[in-house]
Q: 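Mind having a look at this structure? Questions to follow.
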Amino acid sequence: MSELYEKIYAIIRKIPRGKVATYGQIARLAGMGSHARLVGYSLHALTSEKRVPWHRVVGAGGKISLDGEGYAAQRKILESEGVEFNEKGNIPLARFGWVK
DNA sequence: CATATGACGTGAC
DNA sequence: AGTCACGCCATAT
């Protein structure tokens, strides 16, 4: 496993319960500038054994980047942690965004 | 080695 | 608010 992935996972594991972080934010914290796409790619390659709270990672503006079942599943988990969604179906980062 | 692809982000229309 | 195009780059084929 590449060291880059481990770094990304380590950062995601720091996200506190009830908060969410964006791909771009993670990319910056990992020192990869604005390569948010790679963060998403690494999460896609994630396995359950890593025990990474991938559900706390959302797209810019608090939008979930998954569709259909994926969206429903992630939303359900987040709501169970206390994260709320607005009428548009995304998360108000002003309140739930992770502040490092 | 050459292309295609994607759990993104941003800007144009 | 919805679509489309493009930059970015590690992986996959």
Side-chain angles (χ1 to χ4, degrees):
Chain A
M1 184 60 81
S2 86
E3 199 176 299
L4 187 56
Y5 279 19
E6 289 304 328
K7 198 165 186 175
I8 291 172
Y9 299 153
I11 291 171
I12 296 177
R13 274 189 280 253
K14 290 184 190 170
I15 303 174
R17 194 170 178 287
K19 292 285 186 180
V20 297
T22 66
Y23 292 91
Q25 180 177 13
I26 304 241
R28 286 196 302 279
L29 292 176
M32 32 193 332
S34 59
H35 307 323
R37 214 162 182 150
L38 297 200
V39 176
Y41 197 85
S42 64
L43 276 189
H44 186 238
L46 190 55
T47 63
S48 58
E49 302 174 43
K50 292 289 184 179
R51 293 181 193 173
V52 174
W54 58 271
H55 51 275
R56 298 189 191 146
V57 183
V58 297
K63 300 189 226 304
I64 286 183
S65 296
L66 300 176
D67 303 309
E69 299 178 35
Y71 172 85
Q74 183 171 5
R75 174 167 177 160
K76 186 174 181 181
I77 297 172
L78 287 174
E79 291 183 320
S80 74
E81 292 191 340
V83 177
E84 296 167 26
F85 289 71
N86 61 26
E87 57 289 338
K88 284 184 190 167
N90 40 28
I91 304 165
L93 292 179
R95 287 187 293 159
F96 302 101
W98 179 39
V99 182
K100 183 196 167 207

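Each chain gets a letter, A, B and so on, in the order the sequences are listed, and its residues count up from 1.
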Q: About how many Å separate CZ of A/Arg75 and CD of A/Glu84, when rounded to the nearest 0.5 Å?
A: 10.5 Å
Q: If you take any heavy atom closer than 4.0 Å to DNA chain B, which residues from residues 55-74 of chain A end up in contact?
A: A/Gly59, A/Ala60, A/Ser65, A/Leu66
Q: Within this structure, what is the CG-to-P distance between A/Asn90 and C/dG2, rounded to whole angstrom?
A: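 So the two atoms are 10 Å apart, to the nearest Å.
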Q: What are the residues of residues 14-39 of chain A, sorted by number, that bring a heavy atom to within less than 4.0 Å of DNA chain C?
A: A/His35, A/Arg37, A/Leu38
Q: What distance separates A/Ile64 CD1 from A/Tyr71 OH, expressed to the nearest 0.5 Å?
A: 5.0 Å
Q: Take atom CD1 of A/Ile77 and atom C1' of B/dA7, then tell me their distance rounded to the nearest Å.
A: 13 Å
Q: What is the distance, rounded to the nearest whole Å, between atom CG of A/Leu43 and atom P of C/dT11?
A: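 After rounding, the reported distance stands at 13 Å.
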Q: Measuring from atom NZ of A/Lys19 to atom NZ of A/Lys100, what distance do you get when rounded to the nearest 0.5 angstrom?
A: 16.0 Å
Q: Would A/Glu69 and A/Lys76 pass as an ion pair if we require N to O under 4.0 Å?
A: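 No, A/Glu69 and A/Lys76 are not salt-bridged.
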Q: Using whole Å, what does the distance between atom P of nucleotide B/dA7 and atom CD1 of A/Ile11 come to?
A: 20 Å
Q: Rounding to a whole Å, what distance do you find between A/Trp54:CH2 and B/dC8:C1'?
A: 17 Å
Q: Mind checking the CG-CZ spacing from A/Asn86 to A/Phe96? Nearest 0.5 Å is all I need.
A: 10.0 Å
Q: Counting only Watson-Crick pairs (N1-N3 plus N6-O4 or O6-N4) and G-U wobbles (N1-O2, O6-N3), all under 3.5 Å, who is the partner of C/dT11?
A: B/dA4
Q: Measuring only between side-chain heavy atoms, which start at C-beta, is A/Val83 closer than 4.5 Å to A/Arg56?
A: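 A/Val83 does not reach A/Arg56 side chain to side chain.
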Q: If you round to the nearest 0.5 Å, how far is CD1 of A/Ile91 from CG of A/Leu78?
A: 5.0 Å
Q: How far does CD1 of A/Ile15 sit from CD1 of A/Ile26, to the nearest 0.5 angstrom?
A: 4.0 Å
Q: Quickly work out the A/Ile8 CD1 to C/dC9 P distance and round it to whole Å.
A: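 Going from CD1 in A/Ile8 over to P in C/dC9 covers 14 Å.
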